[in-house]
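All heavy atoms count here, side chains included; hydrogens, waters and symmetry mates do not. Throughout, residue positions are numbered sequentially from 1 according to the sequence presented.
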Amino acid sequence: MHDVIDAEQLSLYRPFLPYTQLGAVINGPLTTLHDEISRILGLELLSDTDAAARARAKTLTDTENAAKALTATVILELSEVDDPRAKEAITALSGRSPDLDAVRALLKGHGAADEAHLARLRRLADLERPDRPLIAKAVTRLRSADAAADDARHGSAEDARQLIKLLDTALEHRRRHPEVSDCPVCGSTDLLDRSWAERTRAQVERLQSEASEAEAAHRELVNAVREVHDLMRPAPVWLQADEPSLAALWRDLVACRTVRDPRELADRAERAEAVLGDACDQVREDARRRVTAQDGRWQPVAVRLSAWLGQAEAAQAAKPARKQVKAVRDWVRALTDELRDARFKPFADQSGQIWRLLCERSSVSLGAIGLTGVGPQRQVSLPVSVDDADAPAFGVMSQGELHSLALSLFIPRATHQDSPFGFLVIDDPVQSMDPEKVDGLAKVLDLYAQHRQVVVFTHDTRLEEAVQRLGLRATVMRVSRQTDSVVHVSSVSDPVSQALAEARAIALDPHLPPEVADRVLPSMCRLALEAAYQNTARRALREAGVGQRDVQERVTRPGPLTGLAALAMGMRGKEGRDVLDAVARDHGPWARELIQGLNQASHQAPTTPVGDRLALVDRTKRLAKEVLAR
């Protein structure tokens, strides 16, 4: 059963670094980088706690500031009111610390009881009476339906249905026995003839119409009763407490729902609505007059002052709370600094090790990376110096050094011990790096490849060369896009083995024309020896203390094969015959003859056939092996 990698883990330990994001690691906001590293170190809870405390402190401060602003506004409003209580309120609010007790005393007459009384009056002033037109319409419908149903009762629908059934039976008997016209019930002769059948069918249709009309009238009456019942809605819940007498009249209206007789229901509903409606109108108008009387000039100011008092009390309570929050923040910050320093040290040490490997010969030094600050001031500290002089990191670093810094920050995060990923994928980190940094990159990748799979995509062959020259274990694959966008992946061996393999393939190809083989094969063998001498020359020059940039320039400088041989054998300044004599001394005369033949064949068309082609490849392989073993 495979473990599931969730989005949180992928965000924390992201093991992929595309080239487009290489610069974003350090060019993005340092607060974001700070937060990402803090989450890995398990400091997000402390950070969240500080953020919550900061938000709480802001809320408390805003409460105090809002109270101060409201005080000035209320004083201005009070100054425009010609009332002695307003003047007293201004005095209470104008001191250095507002006198809340004095304000409470002023508002005593407008306390909870008065507010409740005013609220009761406002409810009554907004009271809606039962809908008189709607009830009148329903009552009219009820009476009309009752009259129609009354008319229909003179011809009972049930009796009509019974008679219809009897007549249908007689008609069915006539249909089955058309030759018999005597009545089977009373014995009358020649009664059930054709004329009788036609009259009976007409009577059945008339009876069916009467029965349908009677049933429709009954349904309409039932619906009309239900409509009146539905309009007898109960009073608002609060009305019993605010106006008991009016609630009693409303109960009379609701009691109509128990009346089933249509005439009685119509009369009672009409009377109850008329009495209740008039009473509602009277109570509502009286409440509106009383509300208007109480809503004088002081009432709005008193309400405003009451609102101010609530804000002032909240501000008064906020002061000690704000001090407590500050103490909490100070404690959390101290704890965060202590834990952060302890947990970040391995991360910082790892970043420093990567930087030193990448920038071994750089004049730019990177000090101990740190996480500093909290809240909006949080960031990642990147102490940089140039020749022991402090300098801003982004101002003095080359692009290659900036990419090295980005890798120094990315790799520790992607390879953290809690990461569920056993691999690391980096896209083209070689760009903008000088040869020394490419060597350092190869060493860094090899270091982390000991414990996880490291995959690097690059178009730059310098990394492959550095891996081979340093003797690091690596699998090199070449990815190419062929016709119709078909992607081909093939293994890549070291340059010497690859050149020898290609030379052997040419030597064994029976379809290759001899003149082509004699021309191409020496060049392929020469390439194998060039690669061998380049490898050895690089190692010799590095051991002699030559910088990697100079090494690269010397071993790739165009020239004869003897020039590379001289570098590999430490014969700086020697060339031509002296070098060939040294080759013969170290490897034998056959080696000198091989180099001379390959040089000659590479610069002019061969005048004589190669001869044994496989023997030529074997001699080349032997010399290359001995050169690499120096």
request  = Apply the test side-chain contact (heavy atoms from CB on, under 4.5 Å) to residues L17 and V425: give CA-CA distance (whole Å), side-chain angles for both, the deciding distance (0.1 Å), then the verdict.
outcome  = CA-CA 6 Å; L17 183 61; V425 180; over 6 Å; no
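- Under a 4.0 Å N-O distance rule, the pair E243/R123 does not qualify as a salt bridge.
- Ion pair R143/D267 flagged as a salt bridge, since at least one NZ, NE, NH1 or NH2 atom sits closer than 4.0 Å to an Asp/Glu carboxylate oxygen.
- Q311 places a side-chain heavy atom less than 4.5 Å from the side chain of T63.
- Put simply, the side chain of M232 reaches to within 4.5 Å of the side chain of I135, judged on heavy atoms.
- Judged purely by distance below 3.5 Å, without hydrogens or angles, the side chains of Q324 and R56 never pair a donor atom with an acceptor atom.
- The line from CZ of R257 to CZ of R233 is 9.5 Å long, rounded to the nearest 0.5 Å.
- Heavy atoms of other residues, nucleotides or ligands lying less than 6.0 angstrom from NE2 of H229 number more than 12.
- K326 has a carboxylate O that lies under 4.0 Å from a charged side-chain N of D330, or vice versa, which qualifies the two as a salt bridge.
- Counting only heavy atoms from C-beta outward, the side chains of L142 and L265 approach each other to under 4.5 Å.
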task = Apply the test side-chain contact (heavy atoms from CB on, under 4.5 Å) to residues Q316 and L100: give CA-CA distance (whole Å), side-chain angles for both, the deciding distance (0.1 Å), then the verdict.
result = CA-CA 10 Å; Q316 190 178 58; L100 272 60; 3.8 Å; yes
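- In summary, the aromatic rings of F16 and F410 are positioned with their centroids too far apart to meet the 6.0 Å limit.
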ask   = Where do D242 and L121 land on the side-chain contact (heavy atoms from CB on, under 4.5 Å) test, with the steps shown first?
value = CA-CA 9 Å; D242 288 0; L121 290 178; over 6 Å; no
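- Summarising the geometry, atom CD belonging to E264 is positioned 12.0 Å from atom CG belonging to D146; distances are rounded to the nearest 0.5 Å.
- Contact record, R268 with A255: NH2-CB, 4.0 Å, taken as the closest heavy-atom pair.
- In this structure a side-chain-to-backbone donor-acceptor pair under 3.5 Å is present from S79 to L76.
- Expressed to the nearest 0.5 Å, how far CG of D99 lies from OG1 of T91 amounts to 10.0 Å.
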task = Please assess L246 against L239 for the test side-chain contact (heavy atoms from CB on, under 4.5 Å), listing each intermediate value before the final yes or no.
result = CA-CA 8 Å; L246 192 60; L239 189 61; 4.1 Å; yes
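- Of all the heavy atoms in L127 and C280, the pair that sits closest is CD2-SG, 4.1 Å.
- Nearest heavy-atom pair, P18 versus D427, reported as atom, atom and distance to 0.1 Å: CA-CB, 3.8 Å.
- Using a cutoff of 4.0 Å between basic side-chain nitrogens and carboxylate oxygens, R54 and D50 are scored as salt-bridged.
- Within 6.0 Å of CH2 on W238 lie more than 12 heavy atoms contributed by other residues, nucleotides or ligands.
- A heavy-atom distance below 4.5 Å is found between the side chains of L124 and R120.
- Between D286 and R289, at least one side-chain nitrogen of the basic residue sits less than 4.0 Å from a carboxylate oxygen of the acidic one, meeting the salt-bridge criterion.
- For the pair D278 and R129, the tightest heavy-atom approach, listed with the atom from each and the gap, is N-NH1, 4.3 Å.
- Note on E128 versus R284: no salt bridge recorded, every NZ/NE/NH1/NH2 to OD/OE distance being 4.0 Å or above.
- R288 contributes a side-chain N or O that, together with a main-chain N or O of A125, makes up a donor-acceptor pair within less than 3.5 Å.
- Atom CD of Q240 sits in a crowded spot, with more than 12 heavy atoms from other residues, nucleotides or ligands closer than 6.0 Å.
- With hydrogens and angles disregarded, no donor-acceptor distance shorter than 3.5 Å links the side chain of S144 to the backbone of T140.
- Side-chain contact check for L231 versus L134: some heavy-atom pair is nearer than 4.5 Å.
- For the pair E220/V225, no side-chain contact is recorded, criterion being any heavy-atom separation below 4.5 Å from C-beta on.
- The minimum heavy-atom distance between P429 and F457, with the atom names listed, is CD-O, 4.1 Å.
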Chi angles and distances behind the salt bridge (charged side-chain N to carboxylate O under 4.0 Å, His left out) call for R122, D126 = CA-CA 6 Å; R122 292 190 187 282; D126 293 334; over 6 Å; no
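- Taking 4.5 Å as the limit, every side-chain heavy atom of V228 sits out of range of all side-chain heavy atoms of C256.
- A salt bridge does not link E64 with K319: every distance from a Lys NZ or Arg NE/NH1/NH2 to an Asp or Glu carboxylate oxygen is 4.0 Å or more.
- Note: F347 CZ to Q417 CD = 12.5 Å, rounded to the nearest 0.5 Å.
- For S94 against I75, the heavy-atom pair with the smallest separation is OG-CD1, 3.9 Å.
- Rounding to the nearest 0.5 Å gives a distance of 10.0 Å between CG of L424 and CD of Q453.
- Separation of atoms OG1 (T73) and CH2 (W308) is listed at 12.5 Å; rounding is to 0.5 Å.
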